[in-house]
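Just below is one structure, and these are the notes that go with it.
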Amino acid sequence: MKNTDTSASVSPAWLLVFGCWLIATIATLASLFFSEVVKLPVCVLCWYQRIAMYPLVLMLPLALFPFDGKVIRYAGVLTLFGALVALFHVLLVAGAIPESAQPCVADIPCSETHLNIFGWLNMPMMSLLTFAAIGVLLFFANTKINRGHLE
Amino acid sequence: MNKKILFLSTAVILSLAFVAATSIFQTQQETKENELANNNANVVSRSGSPSKGAADAKVTIVEFFDPACETCAQFYPLVNDIIKKYPGKVKVEMRYTPFHKGADKVVAMLEAAHLQGKFWPALKLLFANQQGWTRHHTAQPEQALQLLSSLAIDKQQLQTDMMSEKVANVISQDVADAKTLEVRATPQFFVNGKPLTRFGYRELIDMVEDAIALAY
């Protein structure tokens, strides 16, 4: 079976990758909104997470037209990297990692948060959840494609 | 085909949402800044601050500035032009906001020069040679002091005043007022107590012209 469908039909794998793009784009616009419009300071760890998130916005559409399942490998690596940095950041904010382990410049401490919704949903937490959601969708997209190969 | 439509319409919707959110936020921010300045009208201006222009001018520009700030240096001749363009109608008052590292000492020098009536020549000299006494956005007070010694100024007195409690009090008052007014970047302008919410030279001129039209 061929995965690159040229027909008008929307395959589940295509929709899943599209979902990843949607999530990544919303996350990118939200992060740009907070740093460029609200002018919240951006710490070093946030930049590392941005490095993993922003390319997805441009990369995933290339794999949607026409559909190319290989993108899951490339996007997966970025997502894993972003999720690890986000996890480190979450632990740092929560105080589970001591201050001395901070790789931050003195001016903008990464252990400080500027936005707290419900008291726990801060920026690094949102980042971690976003990377996790993208990871899950990519995983399912991969499963769909593999199943398609077996059939 | 419907996939492309789905993708493109999503992209357009997200972009529009971003623009709308930005616009809403900025409008709210402007309202907030205006309210803040209104509620703290008494701290925008401080008597004794260095000023230029006619004392009875009905339009007062208050500038929160940092001598090490590059944009402040660029705005210096522009603000002078405004005062010259409307003689007798506009004056500018300078308030200290030393945000750059090391700028607190340079600001103390300026206030000490102000005590000798030499604030403006000192500021002009510092702005004109800003590259010479700042390195990587950090002020080098020794070099600034050396620069100021070329002025016709009592150097001994300047050095004493720099360290004086009087000068320190003036600066801490300005810094405290800047904090109250939530001045986050320099230069920050207030025209007759109202903040310049959208930064830019054209915007400043428009605001001053509106204030002149209102006052005269």
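Chain naming here is simple, since letters A, B, ... match the order of the sequence lines and numbering starts at 1 in each.
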Just verifying a value: how many Å separate A/F18 CZ and B/K3 NZ, rounded to the nearest 0.5 Å?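 With rounding to 0.5 Å, CZ (A/F18) is 11.5 Å from NZ (B/K3).
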
Say you draw a straight line from CZ of B/F18 to CD of A/E36; how long is it, rounded to the nearest 0.5 Å?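 Going from CZ on B/F18 over to CD on A/E36, the span is 8.0 Å.
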
Using a cut-off of 6.0 Å, state whether more than 12 heavy atoms not belonging to [X] lie near its atom [atom1].
X      : atom1 : value
B/Q146 : CD    : no
B/K52  : NZ    : yes
A/F139 : CZ    : no

So for A/F33, is it side chain, backbone, both, or neither that comes closer than 4.5 Å to the heavy atoms of chain B?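 For A/F33, heavy atoms of backbone and side chain both lie under 4.5 Å from chain B.
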
Proximal to chain A - members of residues 7-14 of chain B, heavy-atom separation under 4.5 Å: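 Heavy-atom contacts from residues 7-14 of chain B to chain A are B/F7, B/T10, B/A11, B/L14.
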
